[in-house]
Amino acid sequence: MSAIAIAKREVRAYFSSPTAYVVLLAWVYVTGLSFYLLMSFSASQDSVGGSDNPLTLFFGGTVLFWLPVLVFAPVMTMRLFAQERATGTLEPLLTAPVGEWAITTGKFLAAMFFWIALWIPSLFYVWIVTRYGSIDAGAVAASYLGIFGIGLFYMSWGMLMSALAPTQIVAAILCFLVHGLFFVAGIGQFVYQGEGREILSYVSVWTHMSDFARGIVDTRYLVFQVTMSALAFVLTTQVLAFRRLRG
């Protein structure tokens, strides 16, 4: 069984249950409401085409971006390994002739597929703004690049928490705590001064997305996201290897 086969298996299993559709509908409703509020605010300020246009605000410019992300990301990843352990299908998977890297890669690809699917409806919001004002195509492209980077970071660490946790609820809580830690770092940068502030700004996902939404592509942020994702990926494979050895 290859990583692609595992990814396809995971996606089929996810979309064969009503959970995926409930999550998608809830996501579209919450993000759509956020966009409507930001669009109304920009219209009242006569700034639809300005630097603080609805898209800049929507893609990480306010807390309205982060609240649904912090809630939905754990829900998307909590089942990756925890559900398999609960249903007793993890042991057969670990005893199958497939390596830990293939299992981890397959699970991660499935999580990223769902993450990307969540953001496809946002293209409709981009189209709406083009109807009522001008947009910066470069800033929009940078925003989606930032979303992809945040997805790598969040999906990989959510996968690790699911591999460590005994249940899906525990996995979701651990994932929320890890993601929340880096989110709070964005607030800490306004409290501390000097070198500490620079470090907090670098690890702050809020700062990352705020810059991407304005069209600023800082490769340091991409390096941070890819590095953290790779770290979680390696740790997940080690957790699987330990469980296979123990089993």
If you count the non-hydrogen atoms of other residues, nucleotides and ligands that lie under 6.0 Å from CG in Leu177, is the total more than 12?
yes
With a 6.0 Å cut-off (strictly less than), is the heavy-atom count around CZ of Phe15, excluding the residue itself, greater than 12?
yes
Can you tell me how far the CG atom of Leu94 sits from the CD atom of Glu100, to the nearest 0.5 Å?
7.5 Å
If you compare all heavy atoms of [X] against all heavy atoms of [Y], which two are closest, and at what distance to 0.1 Å?
X	Y	result
His208	Val203	NE2-C, 4.2 Å
Tyr154	Val205	OH-CG2, 3.6 Å
Tyr144	Val126	OH-CG2, 3.8 Å

Aromatic contact between Phe212 and Phe59, with the criterion being ring centroids under 6.0 Å apart: yes or no?
no
Please report whether the ring centroid of Phe233 lies less than 6.0 Å from that of Trp101.
yes
Not counting sequence neighbours, which residues clear salt bridge (charged side-chain N to carboxylate O under 4.0 Å, His left out) with Arg220? List them please.
Asp218
Closer than 3.5 angstrom, by distance alone: can the side chain of Thr167 be matched with the main-chain N or O of Val170 as a donor-acceptor pair?
yes
Do the side chains of Glu84 and Arg243 get close enough for a salt bridge, i.e. N-O under 4.0 angstrom?
no
Looking at residues at least two apart in the chain, or sitting in another chain, which of them share a ring pair (Phe, Tyr, Trp, His ring centres under 6.0 Å) with Phe113?
none
Ile103 side chain near Arg244 side chain, heavy-atom distance below 4.5 Å
yes
Which donor-acceptor pairs under 3.5 Å do side chains of residues 61-82 form with protein atoms, sequence neighbours excluded?
{"residue": "Thr62", "atom": "OG1", "partner": "Leu64", "partner atom": "N", "Å": "3.2"}
{"residue": "Thr77", "atom": "OG1", "partner": "Ala73", "partner atom": "O", "Å": "3.1"}
{"residue": "Arg79", "atom": "NE", "partner": "Gln83", "partner atom": "OE1", "Å": "3.2"}
{"residue": "Arg79", "atom": "NH1", "partner": "Glu10", "partner atom": "OE2", "Å": "2.5"}
{"residue": "Arg79", "atom": "NH2", "partner": "Gln83", "partner atom": "OE1", "Å": "2.7"}

